[in-house]
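Since the structure comes first, as structure tokens, the remarks are kept for the end.
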Protein chains: 2
Amino acid sequence: MRTTKYTRDNMVELLRQHGINPTHQRIEIAHALFSHPGHLCADQVMGITNAKHSETSKATVYNTLNLFLDKKMIREVIVDPSKVFYDPNTYPHHHFYNTATGELTDIDVEDIGLTGLPQLPPGLVTEGVDIIVRVRPSA
Amino acid sequence: MRTTKYTRDNMVELLRQHGINPTHQRIEIAHALFSHPGHLCADQVMGITNAKHSETSKATVYNTLNLFLDKKMIREVIVDPSKVFYDPNTYPHHHFYNTATGELTDIDVEDIGLTGLPQLPPGLVTEGVDIIVRVRPSA
DNA sequence: GTAAAGAATTAGACACGGTCCAATCCTTTG
DNA sequence: CAAAGGATTGGACCGTGTCTAATTCTTTAC
Ligand SMILES: [Mn+2]
Ligand SMILES: [Mn+2]
Ligand SMILES: [Zn+2]
Ligand SMILES: [Zn+2]
């Protein structure tokens with residue numbers, strides 16, 4: 001569990017740790033992602049970032065999210081055919097996905113045991129394993 | 001393992017079994033899905049269906065795929081943020097996803113052991129569990 | 001401090017998967 | 001055959017995401 005305060009200063013630090021030049025917009029976007037409980041889509045990031053003063057364009061939001069992904073400062077979660085979710089938690093973990101509300105919830109990887117994955121064909125390596133438990137309201 | 005021959009007649013049968021009125025277009029689309037080794041996207045379905053004589057519109061392709069999903073004659077696989085894959089294999093199974101080529105490969109569910117999923121919050125039921133192993137060429 | 005170079009941001013056009021709609025066509029039934 | 005309901009259709013439309021050329025901001029060089 002992370003217990004850091006998500007101040008602008010800490011965001012600058014975090015960006016530098018990932019080799020990213022901290023600009024106004026990048027700091028704001030990082031802050032939006034890390035200070036909100038996980039799993040925002042680009043749209044929401046833009047909304048939060050521009051809530052007070054509109055200062056970050058759509059192009060920059062996407063540029064920046066893709067830069068963060070590239071530098072592995074965040075990861076993406078693909079569960080909805082119509083949009084990507086961005087996840088500030090890069091520690092290995094899995095997800096519940098509420099298909100009714102669109103809500104994503106983390107599942108700690110410690111709890112999970114996964115066995116019996118077949119051997120990979122030669123010439124391939126595993127990039128990651130995603131487990132998605134699709135859930136919905138019971139009645 | 002299914003060993004059926006995917007004749008038009010068998011497609012008609014299959015459609016009826018799922019309570020779907022078998023029309024020309026639906027038979028062709030079902031045939032495209034079931035006679036090709038799994039995991040086509042809408043685009044490919046349309047290409048195959050219209051390969052000889054163009055006779056099925058984009059609207060009908062999407063209508064029909066969504067109808068098949070509704071009736072659980074096929075399932076969808078969401079791994080690529082830009083398009084949905086349609087899977088004629090509705091028997092529970094998981095997937096390798098080659099992020100370089102976009103190729104999807106089935107993993108038999110028999111082989112897999114998965115333990116330690118946390119209790120669901122009350123009022124929720126599990127719809128399904130998807131395990132996606134993302135792989136890429138090794139060097 | 002100023003000028004030039006490089007990095008980042010921007011508006012808006014664009015691409016593309018997917019949905020919607022009103023018009024047409026097909027099939028069934030009486 | 002006529003009427004009704006079901007299915008299909010072209011094309012407009014929508015939302016996410018990318019691209020581009022112009023602008024602005026930051027860094028470096030003098
Ligand atoms: Mn992307
Ligand atoms: Mn869909
Ligand atoms: Zn997460
Ligand atoms: Zn499959």
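All values reported here derive from a predicted model rather than from experimental measurement. Just so it is clear: chains get the letters A, B, ... in the order the sequence lines come, proteins before strands, and each one is counted from 1.
Here D:dA7 presents its P atom at 12 Å from CZ of B:F68, a figure rounded to the nearest Å. Atom CG of A:L67 and atom P of C:dA7 are 14 Å apart (whole Å). Between B:K83 atom NZ and D:dT18 atom P there is a gap of 14 Å when expressed in whole angstrom units. Taking atom CG of B:D80 as the reference point, atom P of D:dT16 lies 17 Å away to the nearest angstrom. Straight-line distance from the CD atom of B:E76 to the C1' atom of C:dG17: 13 Å, rounded to whole Å. When rounded to the nearest whole Å, the span between CZ of B:R26 and C1' of D:dA7 equals 6 Å. Atom pair A:N50:CG and C:dT10:P shows a separation of 8 Å (rounding to whole Å applied). Rounded to whole Å, atom C1' of C:dT9 lies 15 Å from atom CG of A:N66.
The two atoms that bring B:L14 and B:M73 nearest to each other are CG-SD, 4.1 Å, heavy atoms only. Smallest separation of non-hydrogen atoms from A:Y91 and A:R75: O-NH2, 3.6 Å. Smallest separation of non-hydrogen atoms from A:I78 and B:P81: CD1-CD, 3.6 Å. The two residues A:P118 and B:I107 make their nearest non-hydrogen contact at CD-CG2, 3.5 Å.
Residue B:S82 places none of its side-chain N or O atoms closer than 4.0 Å to OP1 or OP2 of D:dT16.
Of the residues listed (A:Q44, A:E103, A:H95), the one engaging A:H39 in a side-chain hydrogen bond (donor to acceptor under 3.5 Å, both in side chains) is A:H95, and it is the only one. Only one option out of A:N21, A:I20, A:I74 pairs with A:L67 in a side chain to side chain contact (heavy atoms under 4.5 Å, CB included); it is A:I20.
Residue B:C41 is the one, among B:N21 and B:C41, whose nearest nucleotide of DNA chain C lies closer to the 5' end (criterion: closest heavy atom).
Proximity note for A:Y62 (side chain, C-beta onward) versus D:dT8, C:dG18, D:dG17: the nearest is D:dG17.
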Atom pairs under 3.5 Å: protein N/O with N/O of nucleotides 9-13 of chain D:
from	atom 1	to	atom 2	distance (Å)
D:dT9	OP1	B:Q25	NE2	3.4
D:dT9	OP1	B:E55	O	2.4
D:dT9	OP2	B:S57	N	2.9
D:dT9	OP2	B:S57	OG	3.2
D:dT9	OP2	B:T60	OG1	2.7

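The shortest side-chain heavy-atom distance between A:T49 and A:V61 does not fall under the 4.5 Å cut-off.
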